[in-house]
Amino acid sequence: MQNPTKGAETAYLAAELRLPTNWLDYTILGIYFVVVLGIGFAARRSVKTSLDFFLSGRSLPAWITGLAFISANLAATEILGMAANSAQYGAYTVHWYWIGAIPAMVFLGLVMMPFYYGSKVRSVPEMLLLRFDKWAHLLSSALFAFAAILIAGVNLYALAIVVEALLGWPQWVAIVVAGAFVLAYITLGGLSSAIYNEVLQFFVILAALIPLVVLGLKKVGGWGGLTDKLTAEHGANFTTAWGGTGIGSANPLGANWLTIVLGLGFVLSFGYWTTNFAEVQRALSAKNLSAAQRTPLIAAYPKVFIVFLVMIPGLVAAALIPGFGTADSGYQYNDAIPYLMEQLLPNGVLGIAVTGLLAAFMAGMAANVSSFNTVFTNDIWGRYVQRGREDAYYVRFGRLITVIGVCASVGTAFLASSFSNIMSYLQTLFSFFNVPMFVVFIIGMFWKRASTKSGFWGLLAGTVAAMVNYFWIYKQGIIDIPTDQGANFVSAIVGFVAGAVVMIAVSLFTAPKPAEELQGLVYGTTSPGMSEPPGVGDDAWYRRPALLGWGAVVLAAACYIPFSF
């Protein structure tokens, strides 16, 4: 199977994919837009302080933050990206959910949220300021802000693909118009507007994907007909989770079980779900620690099943058109969802599907833009440029930097258009930016000896090592790795190992942080204002049956299902 990005031409939407929309579809879409802007205006009234604008005043119930948590992830990664992934790699896509998400989400809720929420930080990079020093904090803030804009651009580009299919607009027009619309409701209501819209978007997305899955399976003769066609075209491993993943074996994904478990299941997964502020921000907006811990656990339950809604359309597209995604087919992998919409959905249902896709992409872009404005305002501007200003100033600046962030996302959307499979592009970004931050967090949280200087150098070394592996060792053919996704798994492992080794080495030759400054920041320590260390004592997750039950059930499902697939 061809590598989707080596020598790929600029991404396009196949000329045949013009959706046969009518007045009913546009009416449904128009109603949705009105509701979204209405939520933005309503949320504006609740924004009185910077805490309201950036973290919803830490006042939201767990079910709201839980649905927003999963909806923020239901973006280009989930819809176009995972459908493209399935059309290219087959059923191996399940690993991004059951191995590459659920364990990390449970770990975030049970182990890490007490540190995040208990320390009262406003962002993930701020934790590095408390645990290490300003250099680790500044570097992590800059890297996160840069990554957030790149990922927001992916969502904006994916949204533009759908608008192009719907209206026939050129992609650049669709990107600018869509970016302006997202800007409007984030600037109005801050994080509250984004979160409440994400809850609405979650249900709209389900209403869009379920008909596509049902009609797609009917078209190919059910699951049995689908697997028969794919097996004949791509081989038996294409419809299994673990087939051909032995070390040295060939498979469509170009990865073995070791790189899947370590690269995706541990390094990439934990790096994304536990340190990506676009997700953690939703939990930090919860009304108390219990609600914050339950936020990723609530989100994990729909995450177990959503894989079928995004994987099956990609498989159906691959079954209906031989060689789907190759130059000979006339389609790219990113075309899987729009192709099925054009082929299968009647008017009315088509309007719901288009609305659902637009909702998904706006949720993903809003999550990254809202986290970007928080980090840039609080961690960069408010910490190092304009310190000690009145609270209203930071609210105004937050709105200004939101405008700048959206404009920058418009530019990075065109960068995303050069990738045939946007899922590969996203995973590349995660291996560069999330994985090194995770290794710094995990070592700093569990090893008291990790020195003040080790955070900066570990983060820098992990980021550089991951980039060197991808751009030089892989892209220049120093080592033959069959696919981009396989290269991403290896880059993540390299970045993690490099960051860990450098942190340990630097810590052994530099002074550790004084013990009194580590209270409440390292596992097993207590800060002066706390009666118990974070995550231990009577409030510990292992002494709370309800919380433990939430995590145990979803983790058991995530561990069992892949082996039955």
Side-chain angles (χ1 to χ4, degrees), residues 1-4 14 16-17 78-100 208-246 249-257 260 304-346 349 353 420-421 423-424 482-483 485-486 557-558 560-565:
M1 182 171 292
Q2 71 173 22
N3 188 314
E16 296 82 1
L17 298 183
E78 300 289 312
I79 312 302
L80 286 188
M82 282 300 181
N85 219 45
S86 303
Q88 182 176 359
Y89 301 121
Y92 296 103
T93 298
V94 300
H95 294 308
W96 272 265
Y97 291 77
W98 299 328
I99 289 177
L209 292 177
I210 290 173
L212 204 62
V213 170
V214 172
L215 294 176
L217 286 176
K218 182 180 179 182
K219 179 78 171 179
V220 295
W223 181 255
L226 177 63
T227 55
D228 289 344
K229 290 183 179 181
L230 291 175
T231 298
E233 174 72 18
H234 299 279
N237 289 337
F238 199 78
T239 56
T240 68
W242 293 104
T245 59
S249 301
N251 62 71
L253 186 59
N256 57 55
W257 67 268
I260 291 173
V304 170
F305 303 103
I306 285 172
V307 60
F308 296 108
L309 300 183
V310 296
M311 178 182 71
I312 291 176
L315 297 178
V316 170
L320 292 177
I321 298 183
F324 190 89
T326 63
D328 293 339
S329 71
Y331 297 96
Q332 287 196 7
Y333 298 111
N334 292 333
D335 293 332
I337 290 284
Y339 167 76
L340 293 185
M341 289 170 59
E342 190 269 338
Q343 291 289 315
L344 302 177
L345 298 184
V349 178
S420 172
N421 183 337
M423 183 61 195
S424 295
T483 66
Q485 290 291 22
Y560 169 74
I561 297 176
F563 291 98
S564 62
F565 203 79

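Bear in mind the structure is a predicted one, so any value in this text is a computation, not a measurement. The basis for the numbers below is simple: all heavy atoms, side chains too, and nothing from hydrogens, waters or symmetry mates.
Residues satisfying the side-chain contact (heavy atoms from CB on, under 4.5 Å) criterion with L344, sequence neighbours excluded, are L215, K219, L340. Take T93 and apply the side-chain contact (heavy atoms from CB on, under 4.5 Å) test, not counting sequence neighbours, and it matches M82, N85, S86, Y97, M311. Every residue two or more places apart in sequence or in another chain that forms a side-chain contact (heavy atoms from CB on, under 4.5 Å) with A208 is listed here: A353.
A distance of 13.0 Å separates CD1 in I79 from CG in N334, rounded to the nearest 0.5 Å.
When atom types are taken as modelled, the side chain of T231 and the backbone of D228 share no donor-acceptor pair closer than 3.5 angstrom.
Listed here is the closest heavy atom pair of F324 and Q332: CE2-O, 3.4 Å. Between K229 and A319, the shortest heavy-atom distance links the atoms CB-CB, 4.2 Å. Y339 and A317 get closest at one heavy-atom pair: CD2-CB, 4.4 Å.
Counting only heavy atoms from C-beta outward, the side chains of L315 and W223 approach each other to under 4.5 Å. Within the 4.5 Å cutoff, side-chain heavy atoms of W98 are placed close to those of V307.
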